[in-house]
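Structure first, commentary second.
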Amino acid sequence: MRVLNVDLKDTKYNIYVGAGIFSNIHDILNSLDVSNDVFIITDENVGRLYLDKCLSYLRDYKVNYFMIKPGEKSKNLEVAKEIYKKMLISRCDRQTTVVSLGGGVVGDIAGFVASTYMRGIDFIQVPTTLLAQVDSSVGGKVAVNFDSYKNIIGAFYQPRTVIIDVNFLETLSKRDFFSGLGEVVKYGLIKNYDFFNWLRNNFKKIIQLDKECLVNIIMESLKIKRDVVEIDERDKGIRRILNFGHTIGHGIESLDNFNRYKHGEAVALGIVYESFISKKLDMIDEKYFKEITDMVSKIVELKAFNDKEIKEIMKKMEHDKKKINNKNVFVLPIGKGKVDIFTETDKKVIIKSLKDGVKL
Ligand SMILES: NC(=O)c1ccc[n+]([C@@H]2O[C@H](COP(=O)([O-])OP(=O)(O)OC[C@H]3O[C@@H](n4cnc5c(N)ncnc54)[C@H](O)[C@@H]3O)[C@@H](O)[C@H]2O)c1
Ligand SMILES: O=C(O)C(=O)C[C@@H](O)[C@H](O)[C@H](O)COP(=O)(O)O
Ligand SMILES: [Zn+2]
């Protein structure tokens with residue numbers, strides 16, 4: 001089992017990574033200073049596969065649980081309200097620890113509920129998708145969507161620990177696995193070109209779920225995320241680089257009321273369009289842009305958007321949380337494995353990228 005430490009101003013926690021380590025949840029919880037009262041939040045798919053296991057590992061705990069419907073459409077205040085109700089009925093109090101067992105949707109809403117129930121109770125993350133293992137379970141961004149805008153109501157609220165078992169990925173759909181790769185590619189492009197190349201060279205082994213490769217991907221991704229979050233937990237500066245691909249990506253994700261793209265797919269497309277902006281501004285060359293589009297095309301089908309879709313994407317971008325003085329902020333590549341933060345991006349260039357960023 002590998003361990004990564006996160007050291008923040010007000011808290012420290014361990015991330016455990018390995019194959020078959022879910023069974024250690026009892027000992028890991030025992031090692032934390034928490035009571036034996038837990039409330040598991042999961043979704044129906046993950047619950048069907050793993051809830052019984054979790055209950056048996058925690059058999060000497062007082063355990064209650066709530067299962068949400070799977071998918072982005074559950075990440076809202078109405079579902080949070082249902083969870084609060086069940087927690088009250090279950091007599092959860094400030095000693096209760098929330099266990100988030102699931103993908104990024106479960107983790108974001110469970111963390112949000114934990115951050116607000118009785119003004120905040122402990123929670124731990126047990127991420128079961130690749131995306132949640134490389135990204136959402138670490139760093140403390142917890143939120144729900146509001147009015148079909150992404151992550152509008154939320155908090156910065158760190159987990160007490162994160163348990164990452166790569167064996168969960170054996171039951172994950174191919175589409176969800178590839179969606180998680182969208183965020184993995186992001187890390188290579190923002191901070192580590194060697195890692196990006198390693199991903200390109202090992203792609204076959206990765207999609208065959210080679211355990212060593214998976215642990216490597218998770219460790220490399222989380223080291224990058226951890227280092228950034230340790231400097232800027234509250235997203236006031238450098239943390240914005242973790243949002244590469246998301247300014248446009250969040251707009252793409254919300255098309256058709258979140259029914260068309262998964263988060264990582266939309267981010268992967270956002271990476272292409274935002275890289276196209278860089279190319280237009282002569283910050284990266286054609287060759288690097290092609291390396292990026294080749295990689296993204298393995299994750300999601302490339303797509304040029306029509307005028308109606310572009311209008312919708314631009315509307316969603318108006319509520320991007322990175323905005324400063326009402327101006328959109330873009331994270332753009334400036335070289336191999338390097339990005340910077342820009343506030344003066346011309347609207348016409350953004351529209352051009354959505355129209356022409358992908359030539360089909
Ligand atoms: N907080 C953050 O820092 C952060 C970072 C990145 C993404 N996110 C958020 O994460 C969400 C996307 O997360 P996601 O891609 O994990 O989606 P998800 O949670 O919807 O999971 C995807 C699907 O996989 C199923 N599933 C989960 N684990 C499984 C397993 N082991 N076997 C079989 N099926 C399984 C789920 O039931 C669901 O249908 C978005 O809401 C996004 O905004 C948050
Ligand atoms: O941790 C971060 O910071 C990120 O930006 C990671 C993103 O992958 C993630 O999707 C995050 O939830 C987006 O945050 P938001 O502030 O743009 O809602
Ligand atoms: Zn993301």
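All heavy atoms count here, side chains included; hydrogens, waters and symmetry mates do not. Whatever order the structure lists them in is the order used to number ligands and atoms, beginning at 1.
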To which protein heavy atom is [atom] closest, and what is the distance rounded to 0.1 Å?
| atom | value |
| --- | --- |
| atom 4 (C) of ligand 1 | Ser136 CB, 3.2 Å |
| atom 32 (N) of ligand 1 | Thr171 OG1, 2.7 Å |
| atom 23 (C) of ligand 1 | Asp176 OD2, 3.4 Å |
| atom 25 (C) of ligand 1 | Asn45 ND2, 4.2 Å |
| atom 7 (C) of ligand 2 | His246 NE2, 3.3 Å |
| atom 28 (N) of ligand 1 | Thr128 OG1, 2.7 Å |
| atom 18 (O) of ligand 2 | Lys321 NZ, 2.7 Å |
| atom 21 (O) of ligand 1 | Thr129 CG2, 3.6 Å |
| atom 37 (O) of ligand 1 | Asp43 OD2, 2.7 Å |
| atom 17 (O) of ligand 2 | Asn243 ND2, 2.9 Å |
| atom 18 (P) of ligand 1 | Val105 CG2, 3.9 Å |
| atom 12 (O) of ligand 2 | Asn151 ND2, 3.5 Å |

Before we go on, tell me: are the rings of Phe168 and Phe22 under 6.0 Å apart, centre to centre? yes
Is the distance between the ring centroids of His319 and Tyr149 less than 6.0 Å? yes
Return a yes/no value for [X]: is any of its N or O atoms, backbone included, closer than 3.5 angstrom to an N or O of ligand 1?
| X | value |
| --- | --- |
| Lys150 | yes |
| Ser179 | no |
| Leu131 | no |
| Lys75 | yes |
| Lys141 | yes |
| Glu72 | yes |
| Gly104 | yes |

Nearest atoms (heavy-atom pairs only) where Gly270 meets Ile252: N-CD1, 4.2 Å
With a 4.5 Å heavy-atom cut-off, do [X] and [Y] have their side chains touching?
| X | Y | value |
| --- | --- | --- |
| Val215 | Met219 | yes |
| Ile15 | Val3 | no |
| Val331 | Thr247 | no |
| Lys290 | Met295 | no |
| Ile313 | Met317 | yes |
| Ile310 | Ile351 | yes |
| Val296 | Leu302 | yes |

Which is it for Asp135 and Lys225 under the salt bridge (Lys or Arg N to Asp or Glu O under 4.0 Å) test, yes or no, and what are the steps along the way? CA-CA 7 Å; Asp135 194 345; Lys225 179 153 190 179; 2.6 Å; yes
Using 0.5 Å steps for rounding, measure from the [atom1] atom of [X] to the [atom2] atom of [Y].
| X | Y | atom1 | atom2 | result |
| --- | --- | --- | --- | --- |
| His263 | Leu131 | NE2 | CG | 5.5 Å |
| Lys186 | Ile224 | NZ | CD1 | 10.0 Å |
| Leu8 | Ile231 | CG | CD1 | 11.5 Å |
| Phe342 | Met283 | CZ | CE | 4.0 Å |
| Asp37 | Gln95 | CG | CD | 8.0 Å |
| Glu318 | Asn328 | CD | CG | 8.0 Å |

Going by chain and residue number, what protein N/O/S atoms come nearer than 2.8 Å to the Zn ion (ligand 3)? Glu183 OE2, His246 NE2, His263 NE2
Give the atoms of ligand 2, by number and element, whose distance to some non-hydrogen atom of [X] is under 4.0 Å.
| X | answer |
| --- | --- |
| Arg239 | 1 (O), 2 (C), 3 (O) |
| His263 | 10 (O) |
| Asp135 | 6 (C), 7 (C), 8 (O) |

Within the structure, is a non-hydrogen atom of [X] found at a distance of less than 4.0 Å from ligand 2?
| X | answer |
| --- | --- |
| Arg240 | no |
| His250 | yes |
| Lys141 | yes |

Starting from Val34, can I reach Tyr16 by hopping between I/L/V/M/F/W/Y residues whose side chains sit under 4.5 Å apart? yes
Derivation of the salt bridge (Lys or Arg N to Asp or Glu O under 4.0 Å) call for Lys85 and Glu82: CA-CA 5 Å; Lys85 273 189 200 157; Glu82 294 303 311; 3.7 Å; yes
Is Leu169 touching ligand 1 with its side chain, its backbone, both, or neither, if touching means heavy atoms under 4.0 Å apart? neither
Heavy atom under 4.0 Å from ligand 1: found in Val142's side chain, backbone, both, or neither? neither
Per side-chain hydrogen bond (donor to acceptor under 3.5 Å, both in side chains), Lys150 is matched among His250, Glu72, His246 by Glu72
Please could you name the atoms of ligand 1 that [X] approaches to less than 4.0 Å, counting only its heavy atoms?
| X | answer |
| --- | --- |
| Val46 | 26 (N), 27 (C), 28 (N), 29 (C) |
| Tyr50 | 31 (N) |
| Pro70 | 37 (O), 39 (O) |
| Lys225 | 3 (O) |

Taking a cutoff of less than 4.0 Å between a non-hydrogen atom of the residue and any ligand atom, is Lys73 in contact with ligand 1? no
Glu183 touching ligand 1 at heavy-atom level, < 4.0 angstrom: yes
Begin with the C-alpha distance, continue with both residues' side-chain angles, and end with the deciding distance and a verdict on side chain to side chain donor-acceptor pair (under 3.5 Å) for Tyr117 and Thr96. CA-CA 10 Å; Tyr117 187 79; Thr96 306; over 6 Å; no
Lys186 contact mode with ligand 2 (heavy-atom cut-off under 4.0 Å): side chain
For Phe39 and Tyr65: C-alpha separation, side-chain torsions, deciding distance, then whether ring pair (Phe, Tyr, Trp, His ring centres under 6.0 Å) applies. CA-CA 5 Å; Phe39 189 85; Tyr65 63 86; 8.1 Å; no
